[in-house]
Every structure is written in structure tokens, then in C-alpha cells.
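Written out below as C-alpha cells is the structure these notes cover.
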Amino acid sequence: QVQLVESGGGLVQPGGSLRLSCAASGQTFSRYAMGWFRQAPGKERGLVAAISRSAVSIIYADSVKGRFTISRDNAKNTVYLQMNSLKPEDTAVYYCAGVLGPGAYRESGAYNYWGQGTQVTVSS
């Protein structure tokens, strides 16, 4: 079992950057595939990016390709989401998720561990 805690959200102007972090408890983080999802008011939760346990496989939502980068540090039990060139439409609650498995998974239903979420607001 793993517990996930996100940090790094906040208010940023359009064009700015933020880095989200997700710290995982436990000693088996390296066995978990990880993902970042987001949910805006009135919208469904959707994938932002996902990374396999060895970081060999990485997937992004089309809307963030070229602007966001997911990475992980298994020695620090942490997964990151670097967000650049932020737009107002990136405003959402961002969630970290994890599941035991070898791949990178696009569907939220594939994940069974979730953080509490961190708010990202992009506004001038």
C-alpha cells in the first residue's frame, strides 16, 4: 500500500511555470506506475501524464504535450510534473495516482491509489 501527498500548486500568471511534486510513502515506490490527472469544475477527471515504474514509458495528454514534463526519482519516492507555458485552461485540481504494474496507464480506473489533490490556478 502507498500513500500519496501532492504539493506545489498555486496561482500563476499565463505563460508561467509550476512544478508539482507527489511524495509516496512506503518502500516499494519503484514498483508503482504513476500518473498525474486533473479535474476542472464541471468536467471529468482526465489524464495529464503517466510514467512507468522504470520511466521507460511516458504518455501525455495532447493538450499538454511540449509544455509539461513528468519525471520520477525512485530514490526519493517522488514523482514530478513540470508545467511550463501555463494557460488559463490548465486551471484545475491536480491529482497524483499510483498502481502496481509495469506500464504507463491512461485511464483513471487503472489506478487504485490517489492523493488529495492540489489546486493550480492560471490567471492574470
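Owing to the predicted nature of the structure, the values given are computational and were not obtained by experimental measurement.
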Taking only distance into account, with no hydrogens and no angle test, what donor-acceptor pairs under 3.5 Å do side-chain atoms of residues 38-50 form with protein atoms, sequence neighbours excluded?
from	atom 1	to	atom 2	distance (Å)
Arg38	NH1	Asp90	OD1	2.9
Arg38	NH1	Tyr94	OH	2.9
Arg38	NH2	Ser63	OG	3.3
Gln39	NE2	Lys43	O	3.1

Query raised in the report: Does Tyr105 belong to the same Ile/Leu/Val/Met/Phe/Trp/Tyr cluster as Tyr32, with side-chain heavy atoms less than 4.5 Å apart forming each link?
Result: no
Query raised in the report: Under 4.5 Å between side-chain heavy atoms, hopping through other hydrophobics if needed: is there a path connecting Val79 to Val93?
Result: no
Query raised in the report: If you take all heavy atoms of Gln82 and Ser17, which pair is closest and at what distance?
Result: NE2-CB, 4.0 Å
**Report entry** Connected via hydrophobic side-chain network under 4.5 Å: Val64 and Phe37
**Finding:** no
Query raised in the report: Going from CE on Met34 to CD1 on Ile58, what distance comes out if it is rounded to the nearest 0.5 angstrom?
Result: 13.0 Å
**Report entry** Worked verdict on Leu86 versus Leu18 for side chain to side chain contact (heavy atoms under 4.5 Å, CB included)
**Finding:** CA-CA 8 Å; Leu86 282 161; Leu18 282 175; 4.2 Å; yes
Query raised in the report: Taking atom OG of Ser21 and atom CG of Asp73, what is their separation to the nearest 0.5 Å?
Result: 10.5 Å
Query raised in the report: Does Val122 offer a backbone N or O that forms a donor-acceptor pair with the side chain of Thr91 under 3.5 Å?
Result: yes
Query - Within 45° cone of Tyr80 ring axis and under 6.0 Å: Arg19 NZ or CZ - result: yes
Query - Atom CZ of Arg31 with >12 non-hydrogen neighbours under 6.0 angstrom - result: no
Report task. Could you grab the distance from atom CZ of Arg106 to atom OH of Tyr111, nearest 0.5 Å is fine? Result -> 9.5 Å
Report summary line: Joining Ile, Leu, Val, Met, Phe, Trp and Tyr whenever any side-chain heavy atoms lie under 4.5 Å apart, the cluster holding Val56 also takes in none
Query raised in the report: Partners of Ser85 by side-chain hydrogen bond (donor to acceptor under 3.5 Å, both in side chains), sequence neighbours excluded?
Result: none
Query raised in the report: Do the side chains of Ile70 and Tyr95 join up, straight or via other hydrophobic residues, at under 4.5 Å, putting them in one cluster?
Result: no
Report task. Report the C-alpha distance between Arg72 and Thr78 in whole Å, list the side-chain angles of each, state the deciding distance to 0.1 Å, and finish with yes or no for side chain to side chain contact (heavy atoms under 4.5 Å, CB included). Result -> CA-CA 6 Å; Arg72 66 189 296 161; Thr78 303; over 6 Å; no
Let me check something: any side-chain donor-acceptor pairs from residues 3-14 under 3.5 Å, sequence neighbours excluded? List them with distances.
from	atom 1	to	atom 2	distance (Å)
Glu6	OE1	Gln116	N	3.0
Glu6	OE1	Gln116	NE2	3.4
Glu6	OE1	Gly117	N	2.9
Glu6	OE2	Cys96	N	2.8
Glu6	OE2	Gly117	N	3.2

**Report entry** Partners meeting ring pair (Phe, Tyr, Trp, His ring centres under 6.0 Å) with Phe29 (sequence neighbours left out)
**Finding:** none
**Report entry** side-chain hydrogen bond (donor to acceptor under 3.5 Å, both in side chains) partners of Ser25, counting only residues at least two apart
**Finding:** none
Requested in this report: State, to 0.1 Å, how close Pro102 and Ser52 come at their nearest heavy-atom pair, and which atoms those are.
Outcome: O-CB, 3.4 Å
Report task. Following the transitive rule for hydrophobic clusters with a side-chain heavy-atom cut-off under 4.5 Å over Ile, Leu, Val, Met, Phe, Trp and Tyr, establish whether Trp36 and Phe68 coincide in one cluster. Result -> yes
Requested in this report: Kindly indicate whether the side chain of Met83, heavy atoms from C-beta on, has any atom under 4.5 Å from the side chain of Thr69.
Outcome: no
Query raised in the report: Hey, mind stepping through Leu100 and Val2 against side chain to side chain contact (heavy atoms under 4.5 Å, CB included) and telling me if it holds?
Result: CA-CA 10 Å; Leu100 280 171; Val2 64; over 6 Å; no
Report task. Supply the atom-to-atom distance Leu81 CG to Cys22 SG, rounded to the nearest 0.5 angstrom. Result -> 10.5 Å
Query raised in the report: Roughly how far apart are Ile51 CD1 and Ser57 OG, rounded to 0.5 Å?
Result: 9.5 Å
